[in-house]
Amino acid sequence: MSVILDVQALDVRIPLAQGMLHPVRDVSFAVERGETLCIVGESGCGKSLTSLALMDLLPRRAERRAARLIFAGEDLTRASEARMTDLRGNKMAMIFQEPMTSLNPSYSIGNQLEEALLRHRRIGRREATDRAIYLLEKVGITAAASRLTQYPHQLSGGLRQRVMIAMALMCGPDLIIADEPTTALDVTIQAQILHLLAQLQREFKMGLILITHDLGIVARVATRVAVMYAGQIVETGTVAELFARPLHPYTQGLLRCIPVPGRTKRGTHLGSIPGIVPNLIGDLVGCSFHNRCEHAYESCAATDVSQREIAPGRAYRCLLTAEQCAANAAKAAA
Amino acid sequence: MTAPVLETRDVSCTFQIGAGLFKAKRPLHAVNGVSLKLMKGDVLGLVGESGCGKSTLAKMLLGLQAPTGGDIRFDGAPIMGLDRRAIARRVQPIFQDPYSSLNPRKTVGSIISLPLRVHRVGEPDEWRDRVEAMMDLVGLARRFTDSYPNQLSGGQRQRVAIARALIMKPDVVICDEPTSALDVSVQSQILNLLQDLRQELGLTYLLISHNLAVVEHMATRVAVMYLGRIVEENDTDSLFQTPRHPYTQALLASVLTPEPGLGVPDAQLGIAFPNPIDPPAGCTFHPRCAQALAQCSRVAPMPIADGNGFTECHLYNPAKDVAA
Ligand SMILES: Nc1ncnc2c1ncn2[C@@H]1O[C@H](COP(=O)(O)OP(=O)(O)OP(=O)(O)O)[C@@H](O)[C@H]1O
Ligand SMILES: Nc1ncnc2c1ncn2[C@@H]1O[C@H](COP(=O)(O)OP(=O)(O)OP(=O)(O)O)[C@@H](O)[C@H]1O
Ligand code: SF4
Ligand SMILES: [Mg+2]
Ligand SMILES: [Mg+2]
């Protein structure tokens, strides 16, 4: 398989009245064609800003820095504004949580789908219409041709999200970034949409970055996982490794917080992570998790922690050894 | 047998919806003949998709929305005669959004003590003590008494909402998506707190949630709602182990437990979403149902008793062969 996106040491800074916000810190990952990378983490940890940074869609004042940002062999740190506009919606597409942020209420579905293609390809409208119908059917919308004249507000939330997926596919992208694509939907519709995304992603051999705060979604769709906390990736691994042997104390804590039918006993206490996330303005000293970590010792508050790679694609950001981390997990499970 | 604390008997709520200029208004049956019993100490989980009528039912139980049919009883007596305040002393809400349900211009102390002032309970000089006792109970540091909601985290705000709901010592708490807006690490703290308070204060909960894992963890009984009706109700173990209604089955199949390797299930649900103003005939679920029988598009199913609960589906009708 080939790497479609390679990100090394991505940083985002946003100047605010209170000081310099540093919401994305030293983020590195790679995505291969045909695989799904899930970025998981709690509200405000920097998931959306990471994806906006990749697409060069950050707020104006924001600064982006990266040691490496390579998409399909092309160095995006050197790409011009015009080149990025050409890539977006074309070779790299995005699906947002709220479809109405990307669908224009005053144009018909057909019009918007066709435009997505006509903007980037020299083809006729007829061909664009055919592709729109083909993709609407692909995403499970019946009577696709008759939907083309409908407007976004005439569709349910689940149908709108399907239209968004069709729109993202119009140009045959190599990479799709889906930012909480099902958070606003019911569980049955969520399962339908994720089922569909996974199927299309395999069929078209695209890379998929799926951003979510839902560990259930991660377990079911990810090939690999990156766990984010306070702007940093604190753990990466294959989905099987990460759920079977979580290393970072934050990942371990998160997995204990969620009720799992048949596994957590009804009426008992769930695990919890006391405390709150650190302020992301200014520099963080030491481990970003130390103030909430039950295993922290003196060095954790003083020593900056870098990624420790224990195997290709398997890394974590904690001062404890992998053996200590595993022992902690075993002790908590007992 | 003891009487339920709270009971609905064939309760309905119909809204008249404007279909457009010059067109006659049309009825939307948001809640359509619901009978439920909340026994003391129960945690009744209420699940169902967006718009099926869960919040409307909750509002009726809180006296915030008048039923258009049927009745609601508190300790066996109809609440029709009671005024809003009398209901509010016994039934209190905790809503989804701790951001919008708290007045941003009031301090935490004054938000929590508001019910005491409204209901003129006790003397003003006792109020501060009661507020502080309540803050201790829900795990809010007393230093937040004079803080404003925007100075608190999401979890702290939800604790304020819980303290406000409990200060009147209600019997029943209606929790409408109490943790949906919270991160999982905060959700677990709030769920643990709700469990503890239930034990300590002998509370009864109606717990509305989209998250079936949360419902499985908290509820003693579960009711599944579809288009204004309860289509299945049973004790939690029966419902999760042997879901009977095809919608319940689809719902449970759609739960993405954190178990890698299982993939995303295909719940075999169509995308023929019903229009609540023009609901399908017969069983309202039939256009999406993979197991529908011939009569399902014509005849509305009746509730069929099943162990500790019931299912409203033709598949379980003993006389189905005769009817079909
Ligand atoms: N335009 C902006 N200006 C200033 N701060 C911002 C801006 N956008 C995001 N932030 C801050 O940056 C941090 C990371 O935000 P981001 O939106 O990436 O979080 P997230 O992980 O996507 O969270 P969520 O799960 O809530 O969507 C947050 O603290 C947020 O408040
Ligand atoms: N005041 C109102 N006027 C008209 N229609 C209403 C009103 N309140 C609710 N409805 C309609 O009644 C139906 C039930 O709404 P309700 O809010 O009870 O659903 P819900 O199950 O709580 O949904 P959700 O899971 O999205 O919160 C919906 O079709 C809704 O649009
Ligand atoms: S570095 Fe220290 S504080 Fe951070 S996660 Fe590891 S043990 Fe905990
Ligand atoms: Mg986000
Ligand atoms: Mg609701």
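Throughout, a chain's letter reflects where its sequence line sits, starting with A, and its residues are numbered from 1. Computed from a predicted model, the values in this text were never measured in an experiment.
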Solution key, residues 259-266 of chain B side-chain donor-acceptor pairs under 3.5 Å, sequence neighbours excluded:
{"residue": "B/E259", "atom": "OE1", "partner": "B/T257", "partner atom": "OG1", "Å": "2.4"}
{"residue": "B/D266", "atom": "OD1", "partner": "B/Q268", "partner atom": "N", "Å": "3.2"}

Segment of A/Q199 engaging chain B (4.5 angstrom heavy-atom cut-off): neither
Any side-chain heavy-atom pair from A/V187 and B/V255 closer than 4.5 angstrom? no
Considering only heavy atoms from C-beta outward, does the side chain of B/P258 approach that of A/V260 to under 4.5 Å? yes
Check whether B/A253 gets within reach of chain A through its side chain, its backbone, both or neither, counting any heavy atom under 4.5 Å. neither
Which atoms of A/R263 approach chain B - backbone, side chain, both or neither, heavy atom under 4.5 Å: side chain
Under 4.5 Å from any heavy atom of chain B, what part of A/I217 do you find: side chain, backbone, both or neither? both
Heavy-atom pairs under 4.5 Å with chain B - which of A/P259, A/G253, A/G262 has more of them than the others? A/P259
Using non-hydrogen atoms and a 4.5 Å limit, figure out which bit of A/I189 sits close to chain B: side chain, backbone, both or neither. side chain
Under 4.5 Å between any side-chain heavy atoms of A/D186 and B/H210, yes or no? yes
Any chance you could measure B/S188, atom OG, to A/L270, atom CG, to the nearest 0.5 Å? 6.0 Å
Residue pair B/Q189 / A/S272: nearest heavy atoms and the distance that separates them: CG-CB, 3.8 Å
Working to the nearest 0.5 angstrom, can you tell me the gap between A/I276 CD1 and B/D183 CG? 12.5 Å
Honestly, the part of B/L251 sitting under 4.5 Å from a heavy atom of chain A is both
Quick one: of B/L256, B/T236, B/N192, who has the most non-hydrogen atom pairs under 4.5 Å with chain A? B/N192
Given B/V43, B/D237, B/T220, the one that forms side-chain contact (heavy atoms from CB on, under 4.5 Å) with A/R266: B/D237
How close do B/S185 and A/R292 get, counting heavy atoms only, and between which atoms? OG-NH2, 3.8 Å
Mind checking side-chain contact (heavy atoms from CB on, under 4.5 Å) for B/A163 and listing every partner two or more places apart, or none if nothing turns up? B/I112, B/M134, B/V138
Shortest non-hydrogen contact between B/H217 and A/T264, atoms and distance: ND1-OG1, 3.8 Å
At a 4.5 Å cut-off on heavy atoms, which part of B/Q187 comes close to chain A: side chain, backbone, both, or neither? side chain
